[in-house]
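Since the structure comes first, as structure tokens, the remarks are kept for the end.
Hydrogens, waters and symmetry mates are skipped; everything else that's a heavy atom, side chains included, is used.
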Number of protein chains: 2
Amino acid sequence: MPTSDTKEALLDSAENAARRFGFDGFSYADLAQDVGIRKASIHHHFPSKAKLSLALMERYLSSFKDVCADIDASYATGGAKLTALIERYKAGSDNGQQLCLCAAFSASRDSLAPEVVSQIIGFRAMVSDWITEAFEKGRSDGSICGVTNPSLEATSALSLLEGAQLAARAASEPAAFDAAITLLTMRISLREPPITRIEQP
Amino acid sequence: MPTSDTKEALLDSAENAARRFGFDGFSYADLAQDVGIRKASIHHHFPSKAKLSLALMERYLSSFKDVCADIDASYATGGAKLTALIERYKAGSDNGQQLCLCAAFSASRDSLAPEVVSQIIGFRAMVSDWITEAFEKGRSDGSICGVTNPSLEATSALSLLEGAQLAARAASEPAAFDAAITLLTMRISLREPPITRIEQP
DNA sequence: AAAGCCCTACCTACTGGTAGGCAGGCGTCA
DNA sequence: TGACGCCTGCCTACCAGTAGGTAGGGCTTT
């Protein structure tokens, strides 16, 4: 049983709205209508929009860590891990309707509380580190070709993924995401199949 | 003499604000204070915010075409052209304080007038085509290595550039831009120096 | 005279946020 | 068992401030 159904519903609605419209693009009134409570009642759960955005990033970071851990547990090779992450970003793009929360918040950085900005930076660092490991593994197991500097490759890949989401969003065209990342995916060898995928409940 | 000093000043201010805060992040009141006229007077030049954003993208597209033409006139090799464009995107990032207007508008797509969305798509297509040509030239003159599919490379490069701006913006760290694009720049051979750079007035 | 430009004054709708109240569930203590 | 106080969760009503936009007047330039 979650802490509070309403609180979780508010976070869901807010995350959705933030990733679609940006931080300045949604209001408490929108959330209220979406969740089905009155606008003022939101303040009972989140006293300010800054606190809401903070909780949003906290949840997003922790759930993304889970995703990474899940990928690590499900796939063996660096290439398979990276492929799984790319798939995750593609799904997160939701056919060009959304951005990664990190990208959405980065764009409206100057409207955010300083703590949230720190969280964004932390999020990027976490994902970047994870991708670095994937590249290192991919280099040693041969599943990613042409790896010279894993850390740089990771930084570049992360920017590419967010840029690809941006491109897909502009055109409402999921194919734009695929096109942007093709060069990256082509470097991943599919010789070694992933180990059994753990089913999600 | 420009059409109108005030009109141009409004566009300057609006472009700056849009690239810093996004479409939903600035208001007529902000522009009025910045330019030094009253809020209502803006409507004399731009009857609605939608019209303003339209004019903004029009000017941005045309000025970016000029930039591309200027680069074409100033640099010979594909690698030099691409380098110049990258420099342009880096300058446009303004030490992580701004985004390309196209990227900023892409993020807040759902708040925009449909015509503006079309302009964004057109802008991306234009830049993508230009980069494609640069890659083709770079392949034939040997100034960019490893080029297999210029069109795909261009799509990828554009997403990378916008993603790099996003990364630099999140951290207010210009070095993040450089890190993200290093892999791309490393592919550009500097054997052939650019021809004489035409001075801007 | 007309057009261009900017003004004051005002509008409605909405922003995030506050004040205070009320219903119901919980444990505690008589 | 029942009364008490407290907490959670939501409500209505309201606040000051701001959003984009309108109406109409006046000065200046052509």
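Defined by atom type and a distance below 3.5 Å, a donor-acceptor pair is missing between the side-chain atoms of Gln165(A) and Arg19(A).
Salt bridge Lys137(B)/Asp72(B): absent, no basic N to carboxylate O contact under 4.0 Å. Arg124(B) has a carboxylate O that lies under 4.0 Å from a charged side-chain N of Glu162(B), or vice versa, which qualifies the two as a salt bridge. A salt bridge does not link Arg169(A) with Asp94(A): none of the charged nitrogens is closer than 4.0 Å to a carboxylate oxygen. Between Lys81(A) and Glu133(A) no salt bridge is recorded (no basic side-chain N to carboxylate O distance below 4.0 Å).
We find that NZ of Lys51(B) is positioned 13 Å from C1' of dG21(D), with the value rounded to whole Å. The distance between atom NE2 of His45(B) and atom P of dT22(D), rounded to the nearest whole Å, is 16 Å. The distance between atom CZ of Arg38(B) and atom C1' of dT22(D), rounded to the nearest whole Å, is 17 Å. Counting to the nearest Å, the C1' atom of dA19(D) and the CG atom of Asp24(B) are 11 Å from each other. Rounded to a whole Å, the CD1 atom of Ile37(B) is 16 Å from the P atom of dG4(C).
Rounded to 10°, the helix from dA1(C)-dT30(D) to dA30(C)-dT1(D) has 10° between the axis fitted to its first five pairs and the one fitted to its last five.
Look at Thr6(B) and you won't find any side-chain N or O under 4.0 angstrom from OP1 or OP2 of dC5(C).
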All N/O donor-acceptor pairs, side-chain side in residues 25-36 of chain A, below 3.5 Å, sequence neighbours left out:
{"from": "Ser27(A)", "atom 1": "OG", "to": "Ala29(A)", "atom 2": "N", "distance (Å)": "3.3"}
{"from": "Ser27(A)", "atom 1": "OG", "to": "Asp30(A)", "atom 2": "N", "distance (Å)": "3.3"}
{"from": "Ser27(A)", "atom 1": "OG", "to": "Asp30(A)", "atom 2": "OD2", "distance (Å)": "3.3"}
{"from": "Tyr28(A)", "atom 1": "OH", "to": "Phe46(A)", "atom 2": "O", "distance (Å)": "3.2"}
{"from": "Tyr28(A)", "atom 1": "OH", "to": "Ser48(A)", "atom 2": "O", "distance (Å)": "3.1"}
{"from": "Tyr28(A)", "atom 1": "OH", "to": "Lys49(A)", "atom 2": "N", "distance (Å)": "3.2"}
{"from": "Asp30(A)", "atom 1": "OD2", "to": "Ser27(A)", "atom 2": "N", "distance (Å)": "3.0"}
{"from": "Asp34(A)", "atom 1": "OD2", "to": "Ser13(A)", "atom 2": "OG", "distance (Å)": "2.6"}

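Counting only distance, with no hydrogens or angles, the side chain of Arg187(B) and the backbone of Cys145(B) share a donor-acceptor pair below 3.5 Å.
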Protein-proximity profile, nucleotides 11-19 of chain C, B/S/- by nucleotide at the 4.0 Å heavy-atom cutoff, equals ----SBBB-
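Residues Met126(B) and Cys68(B) form a side-chain contact, since some pair of their non-hydrogen atoms from C-beta on lies under 4.5 Å apart.
Of all nucleotides listed (dG4(C), dC7(C), dC10(D)), dG4(C) comes nearest to the side chain of His44(B).
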